[in-house]
Amino acid sequence: MNAIAIKHNNEIIDLQTAKEKGFEGEPILLDNSKESLEVLRHSTAHLMAQAIKSLYPDAKFFVGPTVKEGFYYDFKTEAEIGESDLKSIEKQMLSFAKKKYEIEKYEISMDEAKEKFKDDHLKLAVIERIPDDMVSIYKQGEFEDLCRGPHLPNIGLIRFFKLTKISGAYLGGDSKNEMLTRIYGIAFADKESLKAHMDMLAEAEKRDHRKVGAEMKLFTFREEVGAGFPIWLPAGGRLRARLESLLFKAHRKRGYEPVRGPEMLRSDLWKTSGHYQNYGENMYFTKIDEIEFGVKPMNCVGHIKVYEDELHSYRDLPIKYFEYGVVHRHEFTGALHGLFRVREFTQDDAHIFCTSDQIEEQIIEVVDFVDKIMSTFEFDYKMMISTKPEKAVGSDEVWETSIKALKSAMDKNELPYEIDEGGGAFYGPKIDIKITDAIGREWQCGTIQLDFNLPERFELEYNGENNDKIQPVMIHRAILGSFERFIGILTEHYAGEFPMFIAPTQVAIVPIADTHNAYAKELADKLIDINADSEIYNKNDSLNKRIRTAEKTRVPMLVIIGDEEVEGRTVAIRDRRTREQYNLSEDEFLKLIQTKINEVNF
RNA sequence: GCCGGCAUAGCUCAGUUGGCUAGAGCAGCUGAUUUGUAAUCAGCAGGCCCGGGGUUCAAAUCCUCGUGCCGGCACCA
């Protein structure tokens, strides 16, 4: 196999550039290594551009980089391109690839480039972003494009690719700019890898919580109810209740007090907190007797009012309030997405009021709490510290101090983290918890946010040792983030096959004939006593049909009862996953369920 | 909010260039059957074809304005 590029000074250099500059280095072969795919996908993006240009001659191109999941190219054309056009573009790409054009490279000066692309405002926009004196042009057949490279030596090497998505994208990622057309694609070195990737996408689609949620009757949405307002169905209600009660206990164990703030508060309070000015466009407002109220988008203000209800001594701190807080946020319609993005959701929210000396230990405790929960659900996760965003309240100094506190808490415990510059909330820096699900996708859930601002704005205080008034520090934190999103993620993570302790229904009972219904009912009652939900499948259907129906509900355990079982007070268990069957006595069975339900404690 | 697409029974989908009373499978209901581990048989019922307006002799089908959904962008738990 010939090299497609080389690695020189730890940089990928294409053969065109290597020849021109006389560079040497380790060869990069056409395989599925990171470097190889980088080059391959970048060239595939160019091949796509070439195909688009030939099909839509007026097309002008912006940038076409590789991304984590393949590549894309942003471009503009007067023609309306839809999903159905991807096939014809792919076809055109293949026919160009067959021509095995060399990919040639040449360099021109900045001025020459500006002249060359003077009628192409998109390329000029690209050129403006390049600080260099010289720019390179890559050419394949008739098509040429301004590009930094690196590229394959020949487009004939591109064989296994697929265009996956088409959408709009703002020029330069700024919503103030015009919108371009973006086409996403993926490419691999071999057919099998492409297929594996497409299979993975199909698997993700199968697990989609919107689909599984509907099948399992966890939740639904209705047009007449409104976009972004989920409706929890009985099965989803049971699942959610289990999660809530487990988490309730876990909070109590860690010294959190349950509290509850009102759903709406007077706008004056939101002005004091800064939400009115900084978050107002995401809030819902209404008037009651000429007084304006804002529906809470966050729970902090309510908890502050709880704190203010009495005087606090330094001896009381830290004080931890928690609430399953229902919040409403006006999200853009286009942002709504199943349970992942809704307009009403419930946070597992808590606020810790503490002294600045306690910040570190409190952060560490919360991080430990997070770890307990995420590892229980078998999630890998990573932490990300977010710093000051453009739109923020509070001085730089306050921001710096708080970021330092977060970092030092992480450092002292040797916890790895990444930095997201400018990603903080408007009122303070934060640690976000990103979890990776069973098929490798990342989701942002929990968040730990330091806030030196609200205590200041609400003039919170506690009595110090010398009876002096000291301002407490406030830590906002949510671990699941929201029940909606977390349950959505859990659904995809487990593909709906929830473990016993969280499943909407623990056991499906299938009596063989009507004469076994009484025993079935008896078992169901005993299961309720040990906090397990069950469902009896005694409809007028064949036994096989009822087993099939029960299996399809993804319930973790199926028990079949007939004459033998009634007689000996036993159950015939069928494990849905392994399709194994075994028998247990009634007592053993109940004990097993009880163990499986109680084995989890956060 | 922006770009593109989509909307027919509870669900998954047919419905030809505008043309008879809009169809099927699953689910539901009724009856027969009472079953030992993944679909028993028969019958019945179920539709403002997303909503408003328009074009036409005639609209599920064409146009238009909404609403909702899907894929991204931007924004975010």
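For clarity, every value in this text was computed on a predicted model and none was experimentally measured. Below, chains carry the letters A, B, ... as their sequence lines are ordered, and counting in each starts from 1.
- With P as the reference atom, B:rC62 and B:rA39 are 41 Å apart, rounded to whole Å.
- Distance, A:D514 CG to B:rG36 C1': 15 Å, rounded to whole Å.
- Rounding to whole angstrom units, CE of residue A:M179 and P of B:rG71 are separated by 16 Å.
- Classified by interplanar angle (parallel below 30°, tilted 30° to 60°, perpendicular above 60°), the ring pair A:F75/A:F61 is tilted.
- For A:S167, no side-chain nitrogen or oxygen approaches OP1 or OP2 of B:rG71 to under 4.0 Å.
- Atoms CD (A:E78) and P (B:rG4) sit 11 Å apart, rounded to a whole Å.
- Side-chain N/O atoms of A:R210 include one lying less than 4.0 angstrom from OP1 or OP2 on B:rC70.
- Checked for salt-bridge contact, A:K320 and A:E365 meet the test: a charged N lies under 4.0 Å from a carboxylate O.
- Of the candidate nucleotides B:rA77, B:rG1, B:rA27, B:rA27 has the atom nearest to the side chain of A:K545.
- OP1 and OP2 of B:rU34 both lie 4.0 Å or more from every side-chain N or O belonging to A:R546.
- Under the 3.5 Å distance criterion, with hydrogens and angles disregarded, a donor-acceptor pair is assigned to the side chains of A:Y381 and A:D371.
- Using Watson-Crick or G-U wobble geometry with both donor-acceptor distances under 3.5 Å, B:rA14 finds no partner in any strand shown.
- Both A:A513 and A:G338 sit near RNA chain B, but only A:A513 has its closest nucleotide nearer the 5' end.
- Remark: P of B:rC2 and CG of A:N177 are 16 Å apart, rounded to the nearest angstrom.
- Distances were taken from every side-chain heavy atom of A:I512 (C-beta onward) to each of B:rC2, B:rU34, B:rG36; the shortest belongs to B:rG36.
- Judged by Watson-Crick or G-U wobble contacts below 3.5 Å, the nucleotide B:rA42 has B:rU30 as its partner.
- Each of B:rU34, B:rA77, B:rC73 was ranked by its minimum atom distance to the side chain of A:N540; first place goes to B:rU34.
- As rounded to the nearest Å, B:rC6 and B:rC63 have P atoms that lie 11 Å from one another.
- The residue among A:K552 and A:R485 whose nearest nucleotide of RNA chain B is located toward the 5' end is A:K552.
- Within 4.0 Å of A:V342, counting heavy atoms only, lies at least one base atom of the nucleic acid.
- In this structure B:rA59 sits in no base pair that meets the Watson-Crick or G-U test at under 3.5 Å.
- In this entry B:rG68 has B:rC6 as its Watson-Crick or G-U wobble partner, both defining distances falling under 3.5 Å.
- Regarding contacts with the backbone of B:rG28, a side-chain N or O of A:K539 is found under 4.0 angstrom from either OP1 or OP2.
- OP1 or OP2 of B:rA39 has at least one side-chain nitrogen or oxygen of A:N544 nearer than 4.0 Å.
- Using a 4.0 Å heavy-atom cutoff across all strands shown, A:S175 reaches sugar-phosphate atoms only and no base atom.
- Taking atom P on both B:rA9 and B:rG15, the two are 15 Å apart, rounded to the nearest angstrom.
- Evaluation of A:Y170 against the base of B:rA74 yields no stacking contact (centre distance < 5.5 Å, interplanar angle < 30° required).
- Proximity note for A:S542 (side chain, C-beta onward) versus B:rU40, B:rC75, B:rU35: the nearest is B:rU40.
- The aromatic rings of A:F340 and A:W443 lie tilted to each other, with the angle between the two planes from 30° to 60°.
- Summarising the geometry, the separation between CG on A:D541 and P on B:rU34 is reported as 15 Å, rounded to the nearest angstrom.
- Checking B:rG1, B:rA39, B:rU37 against every side-chain atom of A:F332, the shortest atom distance belongs to B:rG1.
- The distance between atom OH of A:Y537 and atom C1' of B:rU34, rounded to the nearest whole Å, is 20 Å.
- The residue A:I560 sits close to a base: some heavy atom pair falls under 4.0 Å.
- Rounded to an integer number of Å, the gap from A:D174 CG to B:rC75 C1' is 12 Å.
- Nearest to the side chain of A:R182, among B:rU40, B:rG68, B:rC73, sits B:rC73.
- Between A:H337 and the phosphate of B:rG71, there is a side-chain N or O to OP1/OP2 separation shorter than 4.0 Å.
- A:I81 comes within contact range of the sugar-phosphate backbone alone, with a heavy-atom separation under 4.0 Å but no base atom that close.
- Residue contacts shown for A:G173 are limited to sugar-phosphate atoms, with no base heavy atom under 4.0 Å away.
- If you check every strand for non-hydrogen atoms under 4.0 Å, A:E224 touches nothing.
- Between B:rC73 and A:Y184, a contact under 4.0 Å exists linking OP1 or OP2 to a side-chain N or O.
- Not one side-chain nitrogen or oxygen of A:K176 sits closer than 4.0 Å to the OP1 or OP2 atom of B:rC75.
- Listed candidates were B:rG36, B:rC69, B:rC2. Nearest to the side chain of A:D563 is B:rG36.
- In summary, A:R240 and A:E484 engage in a salt bridge, as defined by a charged side-chain N under 4.0 Å from a carboxylate O.
- Contact annotation: A:K430 reaches the phosphate of B:rA77 (side-chain N/O to OP1 or OP2, under 4.0 Å).
- Look at A:Q444 and you'll find a side-chain N or O under 4.0 angstrom from OP1 or OP2 of B:rA77.
- Nearest to the side-chain atoms of A:A335 among the listed nucleotides B:rA74, B:rA38, B:rC73 stands B:rA74.
- Figure legend: cation-pi geometry between A:R182 and A:Y72, with NZ or CZ positioned under 6.0 Å from the six-membered ring centre and within 45° of its axis.
- Between A:F229 and A:H328, the angle of the ring planes lies from 30° to 60°, which puts this pair in the tilted group.
- Note on A:T181: every side-chain N or O is 4.0 Å or more away from OP1 and OP2 of B:rC3.
- Stacking of A:K372 on the aromatic ring of A:F602 is not recorded, the 6.0 Å distance cut-off and the 45° axial limit not both being met.
- Taking atom NZ of A:K165 as the reference point, atom C1' of B:rG72 lies 7 Å away to the nearest angstrom.
- Distances from the side chain of A:A572 to the nucleotides B:rA38, B:rA77, B:rG36 place B:rG36 closest.
- As judged by a 4.0 angstrom heavy-atom cut-off over every strand, A:G562 is placed among the base-contacting residues.
- Using cut-offs of 30° and 60° for the angle between ring planes, the A:H209 and A:H337 rings count as tilted.
- A:E205 comes within contact range of no nucleotide atom at all, as no heavy-atom separation falls under 4.0 Å.
- Between A:Q347 and A:H476, the side chains place no donor N or O within less than 3.5 Å of an acceptor N or O (distance only, hydrogens not considered).
- Annotation: B:rC20 and B:rG4 have their P atoms spaced 34 Å apart (nearest Å).
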